[in-house]
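Data block below; observations after.
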Amino acid sequence: MKNYKFSFLILSVLLLASACSGIIDREEKDVIPASQVLNTLGGVEAVLFQVYEIARSVHENNEISVYKQCGTDLVVNGTHLIDGNAGGMVGMNMYSNGLAANSGPLTSMWDNYYRAISNCNLVIQASESFPTRDESEEAAILKFRGEAKALRAYVYLELVRRWENIPLAVPLPEGSSPVREAPLASPSEIYDLILSDLTEAVELLPRRAESSGVGAPSKGLANLLLMEANMDLGNWADAAAAAEAVINDGSYELQSLDYIFGLEGGKEGEESNKEIIFSWVFDPAIQARPQRTVQMFVPLYDRVPGVARTLEQGARPWSRLSPSPYYWTLFDEDDGRLDTWHKINWYIDDEEAVMEGWDLKNGDIATKEYVLAWADGRDREARYTEPTTIKNWEDGTYGRTEADAEGFRNVIVYRYAQAFIVGAEAHFRNGNTDRALELINTIRDRAFGDTEHRFTTLDEETILEENARELGHEGHRWYTLKRLGLLVERVRLHNSDGAPNIQPYHVRWPIPQTFIDLAGVSQNTGY
């Protein structure tokens with residue numbers, strides 16, 4: 001069996017039971033060397049399953065669970081972000097000294113993503129010489145290869161966008177011993193591999209309509225990632241073609257605004273609706289592996305007298321991030337996304353606790369005047385009922401209670417609307433304004449429930465603003481601003497917490513010091 005250049009990435013793998021259809025639900029059975037696992041379909045599948053576990057683990061980490069939302073023009077610090085690890089989302093949103101090579105959360109993310117790549121490499125390698133006995137085994141191993149190719153491309157895309165200068169995990173000759181050297185590749189080398197992986201994955205993977213659901217890669221995911229990678233490279237025609245492939249896939253449909261982020265029907269219901277292209281799946285039956293995104297945008301409303309902590313109000317608050325003032329300026333009052341995807345008001349539901357002198361009853365809005373009176377000049381407390389996004393909130397569907405700071409809803413990674421928004425930009429930059437308008441206006445028609453709010457002309461700012469309205473707080477903004485060369489400018493304009501610190505070198509993250517010490521590579525400029 002071939003070795004890989006990172007000695008710390010040579011892993012033993014868990015031998016896990018076969019997957020159920022739909023939700024992945026396997027139990028750990030034993031720990032054995034990879035070389036003894038990859039000679040069976042079940043073993044290959046077990047190695048592949050670990051990729052899902054590893055890659056989704058960032059959302060299980062309280063310090064980085066919504067790292068993709070940090071550091072843009074759409075967010076500011078929540079009132080209690082500073083309670084977190086300086087090297088986690090605190091540094092990532094504020095561009096402070098915590099965003100450094102010795103950051104524990106950042107290093108954990110880097111290491112886990114390379115562990116995921118290592119497992120993808122093992123699956124891809126095994127697929128090249130796997131001794132299939134019949135057509136069904138041939139189909140299975142090719143599907144595993146397609147999934148591994150798509151997931152490897154996804155992880156490399158995350159890494160190259162954040163760090164730019166990263167190593168490739170390259171197989172060594174048969175019989176070689178693991179080595180410490182891991183030279184940094186150029187971004188163009190990484191993108192070449194990403195495009196190659198995704199081109200093959202498109203051919204190997206089934207359409208989502210033919211697969212088991214939102215938790216596995218499909219042709220739609222591979223094409224969407226092709227769109228994203230080609231946008232990064234400025235390949236507008238290729239990006240537009242990939243967007244069209246997603247739009248015409250036949251597996252997806254734009255859903256009503258109130259259905260997209262819902263939980264009714266659970267994993268097989270709204271969480272598997274036809275707008276979703278790919279999600280990281282969390283299983284409430286595995287209580288030890290919850291995700292930690294559900295409470296991050298919930299302000300500390302329950303400290304305001306008369307506003308009790310309930311599931312309806314948001315359950316346990318955490319207040320790590322909050323939508324920026326700029327974000328709220330983007331919405332017209334009749335844009336359906338404003339009320340459907342956000343909580344604008346908090347309500348009195350414990351009227352006996354209302355401050356003396358205020359005639360507020362259960363069901364009344366806890367008005368700004370009331371909260372300001374209670375805060376009595378304390379700026380922090382005055383924000384405890386500020387409006388916020390509810391895209392990642394969770395109710396009691398999976399057993400969450402008012403006290404829980406975690407949940408088990410899936411984390412949506414990509415959805416169908418993104419092909420329209422980014423596809424519109426690709427067509428616009430490629431000179432096809434008519435198609436760009438058609439795509440972006442499809443999204444606006446849904447948002448307003450009519451055809452009276454369509455754009456008749458387009459420019460970069462118009463597209464960027466619609467991108468924020470539709471995809472805000474879903475984890476795509478940082479990459480978009482970086483691609484457009486606007487990250488530093490827009491943070492300085494609209495993220496009051498990041499503005500004092502952000503510098504041009506912050507468009508890439510620091511390479512973890514542990515890796516620099518191990519491999520002897522140079523640090524990214526500025527760190």
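- Applying the side chain to side chain donor-acceptor pair (under 3.5 Å) test to every pair with at least one member in residues 492-502, sequence neighbours left out, gives these pairs: N93-N495.
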| request: Applying salt bridge (charged side-chain N to carboxylate O under 4.0 Å, His left out), run through R415 and E271 and close with a yes or a no. | output: CA-CA 12 Å; R415 59 187 178 92; E271 283 208 271; over 6 Å; no
| said: Is there a ring pair (Phe, Tyr, Trp, His ring centres under 6.0 Å) between F297 and H342? Walk through the geometry before answering. | reply: CA-CA 10 Å; F297 278 85; H342 305 93; over 10 Å; no
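- By the 4.0 Å N-to-carboxylate-O rule, R292 lies too far from E63 to be salt-bridged with it.
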| task | May I have the step-by-step check of side chain to side chain contact (heavy atoms under 4.5 Å, CB included) for C70 and L321, ending in yes or no? | result | CA-CA 8 Å; C70 291; L321 293 175; 4.0 Å; yes
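- Comment: K482 engages E164 in a salt bridge, judged by a side-chain N to carboxylate O separation of less than 4.0 angstrom.
- In summary, the side chains of E158 and Y479 do present a donor paired with an acceptor at a separation below 3.5 Å, with no hydrogens or angles considered.
- For the residue pair T514 / D517, no side-chain donor-acceptor distance below 3.5 Å is found, with atom types taken as modelled.
- Taking 4.0 Å as the cut-off between side-chain N and carboxylate O, E381 and R303 do not count as a salt-bridged pair.
- At distances below 3.5 Å, not a single donor-acceptor pair connects side-chain atoms of Q523 with backbone N or O atoms of I516.
- Tested against K68 for a side-chain contact (heavy atoms from CB on, under 4.5 Å), the candidates R162, R477, H476, H473 yield a single pass: R162.
- At distances below 3.5 Å, not a single donor-acceptor pair connects side-chain atoms of T293 with backbone N or O atoms of S65.
- No side-chain donor-acceptor contact under 3.5 Å links Y191 to the backbone of L157.
- Annotation: cation-pi geometry not satisfied between K391 and W393 (NZ/CZ under 6.0 angstrom from ring centroid, within 45° of ring axis).
- In this structure, R490 pairs ionically with E461, as a charged nitrogen and a carboxylate oxygen lie closer than 4.0 Å.
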